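Computed from a prediction, not measured in an experiment: that's the story for all the values here. When a ligand or atom number is given, it counts from 1 through the structure's own listing order.
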Amino acid sequence: MKILLISSSPRGEAGVTYSLAAGIARGAQACGAEVQTEHLAGKKIEFCRGCDACHKGGMVCPLNDDAPGIILKMIGADGIIFSTPNYINHVAAPMKALFDRTSNLIHCQRLSGKYTASAVSSGSGQNTPVSDYLASYGRLCGAQSSGAVSCGPAPDAAVLQEAFALGQKLAGDIKTRTVYPEQVKEMLARRRYFAEVIKRRRDAWDGEYDYYAGKGWLS
Ligand SMILES: Cc1cc2nc3c(=O)[nH]c(=O)nc-3n(C[C@H](O)[C@H](O)[C@H](O)COP(=O)(O)O)c2cc1C
């Protein structure tokens with residue numbers, strides 16, 4: 001069972017958020033998961049240019065930086081832990097830049113069958129907009145959310161225990177392929193929506209049309 005931890009604090013492992021995310025990772029590892037970490041700090045992730053290339057042909061982004069490799073790891077993982085500080089009630093900019101590069105993952109729900117969890121920290125401890133956004137981003141890509149942990153500037157033993165328990169839940173969801181009916185309902189409705197859009201734009205989004213056809217998702 002492979003889990004990818006994507007950390008977007010510029011402070012990397014010295015950051016508060018990573019200590020929380022590492023708690024999730026330890027919980028998952030205790031259940032047999034192998035966790036690989038990608039710190040976005042120091043990585044080159046250009047802004048999406050809206051060129052449409054990822055919807056065409058082989059669905060490959062033409063920008064030559066670190067994003068395509070990380071995106072391939074997202075596709076190859078069974079679960080993803082998102083770790084970000086709350087920056088003005090959103091994820092930190094490198095994580096948003098990465099997400100903007102994943103339009104194809106959203107159109108084609110390429111994280112289907114996977115599970116996500118998130119760790120968010122802030123000065124105020126008021127992180128619901130950020131953790132809700134991360135769960136919704138995962139669902140946009142077809143992944144169900146196992147949950148979130150959140151803390152203020154100083155995570156205490158109780159929240160670290162909560163993080164460990166979330167890691168165990170994430171690993172359990174992956175093992176047993178838990179179905180969260182409301183999340184699946186939302187994702188199936190969005191897939192039907194995108195099937196219609198992709199059919200209308202078949203000439204421009206030929207790669208995505210072929211992907212949907214191959215999955216039997218066009219009807
Ligand atoms: C640019 C910036 C924006 C921030 N915005 C918020 C915010 O909107 N609300 C909040 O409570 N804390 C905010 N903070 C505080 C960070 O979320 C907080 O210090 C966080 O724990 C840092 O995590 P890290 O140690 O993993 O980098 C902000 C900090 C920075 C540098």
Q: Centre-to-centre under 6.0 Å for Tyr212 and His107, is that the case here?
A: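 Centroid distance Tyr212-His107: not below 6.0 Å, so no.
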Q: In ligand 1, which numbered atoms sit nearer than 4.0 Å to a non-hydrogen atom of Gly15?
A: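 Ligand 1 atoms under the 4.0 Å threshold to Gly15: 24 (P), 25 (O), 26 (O).
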Q: Which ligand 1 atoms are under 4.0 Å away from a heavy-atom of Asn89?
A: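 Within the 4.0 Å cut-off of Asn89, ligand 1 contributes 8 (O).
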Q: List the closest protein heavy-atom neighbour of atom 20 (C) of ligand 1: residue, atom name, distance to the nearest 0.1 Å.
A: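 Going atom by atom, the protein heavy atom closest to atom 20 (C) of ligand 1 ends up being Ser121 OG, 3.3 Å.
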Q: Filter on side-chain hydrogen bond (donor to acceptor under 3.5 Å, both in side chains), then keep only pairs touching residues 67-81, sequence neighbours left out; what's left?
A: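 Sorted result for residues 67-81: Glu38-Lys73.
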Q: For the ring pair Phe82 and Tyr133, is the centre-to-centre distance below 6.0 Å?
A: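 Phe82 vs Tyr133: aromatic centres not under 6.0 Å.
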Q: What pairs with Tyr209 under ring pair (Phe, Tyr, Trp, His ring centres under 6.0 Å), at least two apart in sequence or on another chain?
A: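 Counting only residues at least two positions away or on another chain, Tyr209 forms no ring pair (Phe, Tyr, Trp, His ring centres under 6.0 Å).
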Q: For atom 29 (C) of ligand 1, what is the closest protein heavy atom, and at what distance to 0.1 Å?
A: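 Answer for atom 29 (C) of ligand 1: Tyr87 CE1, 3.6 Å.
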Q: Taking only heavy atoms of Ser9 into account, list the atoms of ligand 1 that are under 4.0 Å away from them.
A: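 Reading through ligand 1 atom by atom, the close ones are 24 (P), 26 (O), 27 (O).
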Q: Could you identify the single nearest non-hydrogen protein atom to atom 28 (C) of ligand 1 and state the distance to 0.1 Å?
A: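 Going by distance alone, atom 28 (C) of ligand 1 is nearest to Asn86 O, 3.5 Å.
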Q: What residue and heavy atom of the protein are closest to atom 11 (O) of ligand 1, and at what distance?
A: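 For atom 11 (O) of ligand 1, the nearest protein heavy atom comes out as Ser124 OG, 2.6 Å.
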Q: To check your reading of the model: name the closest protein heavy atom to atom 5 (N) of ligand 1, its residue, and the distance in Å.
A: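 Scanning the protein heavy atoms, the shortest distance from atom 5 (N) of ligand 1 goes to Ile88 N, 2.9 Å.
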Q: To which protein heavy atom is atom 15 (C) of ligand 1 closest, and what is the distance rounded to 0.1 Å?
A: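 Going by distance alone, atom 15 (C) of ligand 1 is nearest to Gly123 N, 3.6 Å.
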Q: How are the rings of Trp205 and His55 set relative to one another: parallel (under 30°), tilted (30 to 60°) or perpendicular (over 60°)?
A: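 Because their plane-to-plane angle lies in the 30° to 60° range, the rings of Trp205 and His55 count as tilted.
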